[in-house]
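Everything on this sheet refers to the single structure shown next.
Fair warning: this is a prediction, and the values are worked out from it, not measured in the lab. Chain A is the first sequence line, chain B the second, and so forth, proteins listed ahead of strands; every chain is numbered from 1.
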Number of protein chains: 2
Amino acid sequence: MPKTTPPAADSPTPAQQQRLQMADIARLAGVSTSTVSRALSGSSLVNDETRARIMELARSLKYTINIGAQNLRLKQNRTIGVVIPYDSATRQHLTDPFFLAMLGSLADALTEQGFDMLVSRVDAEQLDAAAAPFDTGRVIGVVLIGQWRHHDQLNQLAARHVPMVVWGAQLPQQLYCTVGGDNVAGGRLATAHLLQQGRRRIAFLGDTGLPEVAQRYQGYTEALAAAGLAPDPQLQVDVSFLPQGGSEGVLELRRRAVAFDAVFACSDLLAMTAMNTLRQHGVDVPGQVAVVGYDDIELSSYFHPPLSSVRQPMREAGRALVAALLELTEGRPAPSRLLPTELVVRDSSVAPTSR
Amino acid sequence: MPKTTPPAADSPTPAQQQRLQMADIARLAGVSTSTVSRALSGSSLVNDETRARIMELARSLKYTINIGAQNLRLKQNRTIGVVIPYDSATRQHLTDPFFLAMLGSLADALTEQGFDMLVSRVDAEQLDAAAAPFDTGRVIGVVLIGQWRHHDQLNQLAARHVPMVVWGAQLPQQLYCTVGGDNVAGGRLATAHLLQQGRRRIAFLGDTGLPEVAQRYQGYTEALAAAGLAPDPQLQVDVSFLPQGGSEGVLELRRRAVAFDAVFACSDLLAMTAMNTLRQHGVDVPGQVAVVGYDDIELSSYFHPPLSSVRQPMREAGRALVAALLELTEGRPAPSRLLPTELVVRDSSVAPTSR
DNA sequence: ATGAAAGCGCTAACAG
DNA sequence: CTGTTAGCGCTTTCAT
């Protein structure tokens, strides 16, 4: 008769609920742990009847294999890390809805693929910390949302062979894999649209020190050039992605006493606060100044007036990031990807007369 | 002379970068793994010089202890699960900024405490799936964001001794720990404020089938009662938390042909879409109808008109959820907590005349 | 078809 | 102070 000692009747560590483990199931089923292991993994090496019995037992006792031990033995892991850098200067707290939407999209894509998501935040000034969950073996790779100004640090991580894919812009001499929206096209679309609305003095709100913004600015200049216009440096303002950036941008433009009849902002949040500030100064949107934002966050369509915006394909973004990362973890190269952007035209950029 | 075989020069599994491990460091330092283990954990049992040498070696080689193996040996774990249920019917995709803000707040609180965050999404109709990361030993406890209508399922989880704390309302006969805003007070504050603005016909937008909403409604009726008014059922509309809910609510009120001079919406998103729909119907906000929302998401202050809202203390919420969960994982009881709410008054609820 | 035994990478007695 | 040994919970040869 097998011993039927209840699973470790002592309670030494309060944290340790004496969890059921494979040995317990084995004892209860009157077989060895090998058999239980095989049965639970659906091995054909085990008698059908035995397997059924074991599985039933496990299910009724709500036994589940300890993934940590399994991972150790199998040298496998199905967790990937998602790292959201924060700007240490502004201590920006994950505030832009776009980042959050990306997080949701990643969560969905990972769930689809049967992966777990370990989320962490790191100081953007110390991006190498992003590799910590990988170095400690917690995750098999890392998705980094946002490259900021840290191209070099990212290259270093890549050189260390940390499987990593970054949401951001493709840059020259880049050792890491990026997935990002087509920022040049996005900038071009927005600007061309504003030009088409008859606007000629289009202000650009965004910090061109950031790669993604720089590319949008390039698209902006391209569209201007195509219309035979030269960009006026006075119309470009380096503002941060913090919400109040939109307000500051508009104020700066007024300080410069530069005339403008449109604003292209590099995020919807910026566009919204810019619109508010314009309104406070008695400027009609879109009558006097047309506005286009970027990202097309959900709220944009509910804003007043509804905000025109450049949409990035979020669902696709999450999938592409995950797909690329999985390639890398398999040891295969992952080419960077550029996702298409589209312009969503709403009231903020279309003067009533031209509608 | 110690053998200096390079760490497993073969590359069998492409997924397996041959990671550096403790034995390698030990060999390189000419000591045993025990000594390395002790040195790295800062044990005083090891010679200062030896420890320094080992640590230097580890650092220069970027060696980090494999957490999985360490956890297994130590039977410890510093990962907690954050589960975001989604409504399977509407397939609502993590869309409300409030949930996202909560996620950020939790990330911060967990980082502060040196815990990792494993995020997963589960179908709200099968909330028992929320326990999976715990059952498999991946996490030591779970924070559930939102209780929806699944009080009973949550009770079952608690009965199974899954360490879990839920963001939501305190309910009678509840076996699990909740942390939540004081919904009754929130409802009371908002309603009292609207009454004070001279409004008497205050519509309530929110599905009272949800515990949190029911409590806000109770606060609403209490405030009405304090003013000697009885709630008019015609003024309450069960709308979902989806953004379009606000619009549907307003349309329903018009269909009922019921007069109202204020709207209290159970989320800011609802309030915003309600305001848009009112405007589309030529109703002035706040002139004819004053509006108050709930959650005070960041965008509310940038909306037009800026939205009055009941604020929940997000930073505190994350901290409280984490603190309660850690208590539970330590085997101590964790009492449910009610966090204070406050009303943030902005233009949407204050008619220009009364300003 | 099943069990015994070894070992994934680490730590903690127990000896020296 | 340091090394040897055993074992965390699991999977997998290798026998039987």
Side-chain angles (χ1 to χ4, degrees), chain A residues 2 7-8 10 12-13 15-55 58 61 63-78 135-138 140, chain B residues 2 7-8 10 12-13 15-55 58 61 63-78 135-138 140:
Chain A
D10 58 329
T13 324
Q16 284 324 314
Q17 304 268 7
Q18 64 280 31
R19 298 169 146 289
L20 215 50
Q21 51 191 80
M22 202 173 268
D24 299 313
I25 304 293
R27 191 161 358 87
L28 264 30
V31 296
S32 74
T33 58
S34 319
T35 303
V36 175
S37 173
R38 284 192 273 253
L40 259 31
S41 69
S43 160
S44 59
L45 285 174
V46 62
N47 185 308
D48 283 354
E49 188 273 326
T50 314
R51 195 206 349 271
R53 191 159 43 88
I54 291 175
M55 295 196 109
L61 264 41
Y63 167 75
T64 328
I65 288 177
N66 179 315
I67 301 260
Q70 190 183 49
N71 282 347
L72 183 60
R73 174 65 229 232
L74 260 31
K75 290 161 154 281
Q76 68 168 20
N77 186 337
R78 290 188 69 82
D135 289 333
T136 57
R138 264 197 282 275
I140 55 172
Chain B
D10 59 325
T13 324
Q16 283 325 311
Q17 305 267 6
Q18 65 280 30
R19 299 169 145 289
L20 215 50
Q21 51 191 84
M22 201 172 270
D24 299 313
I25 304 293
R27 190 162 358 86
L28 264 30
V31 297
S32 74
T33 58
S34 322
T35 303
V36 176
S37 173
R38 283 192 275 252
L40 260 30
S41 69
S43 161
S44 58
L45 286 175
V46 62
N47 185 305
D48 283 355
E49 188 273 326
T50 315
R51 193 203 353 269
R53 189 158 46 86
I54 292 175
M55 293 194 111
L61 266 41
Y63 166 75
T64 327
I65 288 176
N66 179 315
I67 301 261
Q70 190 183 49
N71 282 347
L72 182 59
R73 175 64 232 232
L74 258 32
K75 290 161 153 284
Q76 67 168 20
N77 186 336
R78 291 188 68 81
D135 289 333
T136 57
R138 265 197 282 274
I140 56 171

Item checked: Protein-nucleotide distance (A:L74, atom CG; C:dG9, atom P), rounded to Å -> 12 Å
Check: Any side-chain heavy-atom pair from A:L28 and A:L61 closer than 4.5 angstrom?
Finding: yes
Next item on the list: Identify, with sequence neighbours excluded, every residue that meets side-chain contact (heavy atoms from CB on, under 4.5 Å) alongside B:Q70.
Entry: B:I65, B:I67, B:L74, B:Q76
Item checked: Residues in salt bridge (Lys or Arg N to Asp or Glu O under 4.0 Å) contact with B:R53, at least two apart in sequence or another chain -> B:E49
Next item on the list: Ignoring the backbone of B:A69, work out which of C:dG7, C:dG9, C:dT11 is nearest its side chain.
Entry: C:dG9
Next item on the list: For the helix from C:dA1-D:dT16 to C:dG16-D:dC1, measure the angle between the helix axis at one end and the axis at the other, each built from five pairs, rounding to 10°.
Entry: 50°
Next item on the list: Give the rounded distance in Å between these two atoms: CD1 of B:I65 and P of C:dC8.
Entry: 17 Å
Notebook entry, point to check: Roughly how far, to the nearest 0.5 Å, is CZ of A:R78 from CD1 of A:I140?
Noted result: 7.5 Å
Tabulate protein N/O versus nucleotide N/O from nucleotides 13-16 of chain C, keeping only pairs under 3.5 Å, one per line.
from   : atom 1 : to    : atom 2 : distance (Å)
C:dA13 : N6     : B:R38 : NH1    : 3.4

Note to self: Among residues at least two apart in sequence or on other chains, which ones pass side-chain contact (heavy atoms from CB on, under 4.5 Å) with B:N66?
What the structure shows: B:A69
Notebook entry, point to check: Any side-chain N or O of B:Y63 under 4.0 Å from OP1/OP2 of C:dG9?
Noted result: no
Item checked: Pairwise side-chain contact, A:I25 with A:T33, heavy-atom cut-off 4.5 Å (strictly under) -> no
Next item on the list: Mind calculating the distance between CD (B:Q21) and C1' (C:dC8) to the nearest angstrom?
Entry: 9 Å
Margin query: When you measure from the side-chain N and O atoms of B:Q70 to the phosphate of C:dG9, is any distance below 4.0 Å, counting only OP1 and OP2?
Written below: no
Notebook entry, point to check: Could you give the distance from CZ (B:R19) to CG (B:D24), rounded to the nearest 0.5 Å?
Noted result: 12.0 Å
Next item on the list: Please identify each residue that fulfils salt bridge (Lys or Arg N to Asp or Glu O under 4.0 Å) with B:R51, with sequence neighbours left out.
Entry: B:D48
Checklist line | Check: A:G68 main-chain N/O paired with B:N71 side-chain donor or acceptor under 3.5 Å | finding: no
Next item on the list: Classify the nucleic acid contact of B:S32 as base, sugar-phosphate or nothing, counting any heavy atom under 4.0 Å across all strands shown.
Entry: base
Margin query: Applying side-chain hydrogen bond (donor to acceptor under 3.5 Å, both in side chains), can you list everything that pairs with B:R138, at least two apart in sequence or on another chain?
Written below: A:D116
Check: Looking at side-chain heavy atoms only, is the closest gap between A:Y63 and B:D135 below 4.5 Å?
Finding: no
Check: Looking at residues 44-52 of chain A, who's got a heavy atom less than 4.0 Å off DNA chain C?
Finding: A:L45, A:V46, A:N47, A:T50
Checklist line | Bounds of contact between DNA chain D and chain A, in 5' to 3' order, using a heavy-atom cut-off under 4.0 Å | finding: D:dG9 to D:dT13
Notebook entry, point to check: Nearest heavy-atom pair of A:S32 and A:A26: which atoms, and what distance?
Noted result: C-CB, 3.7 Å
Check: Considering residues at least two apart in sequence or located in another chain, which fulfil the side-chain contact (heavy atoms from CB on, under 4.5 Å) criterion with B:S41?
Finding: B:S43
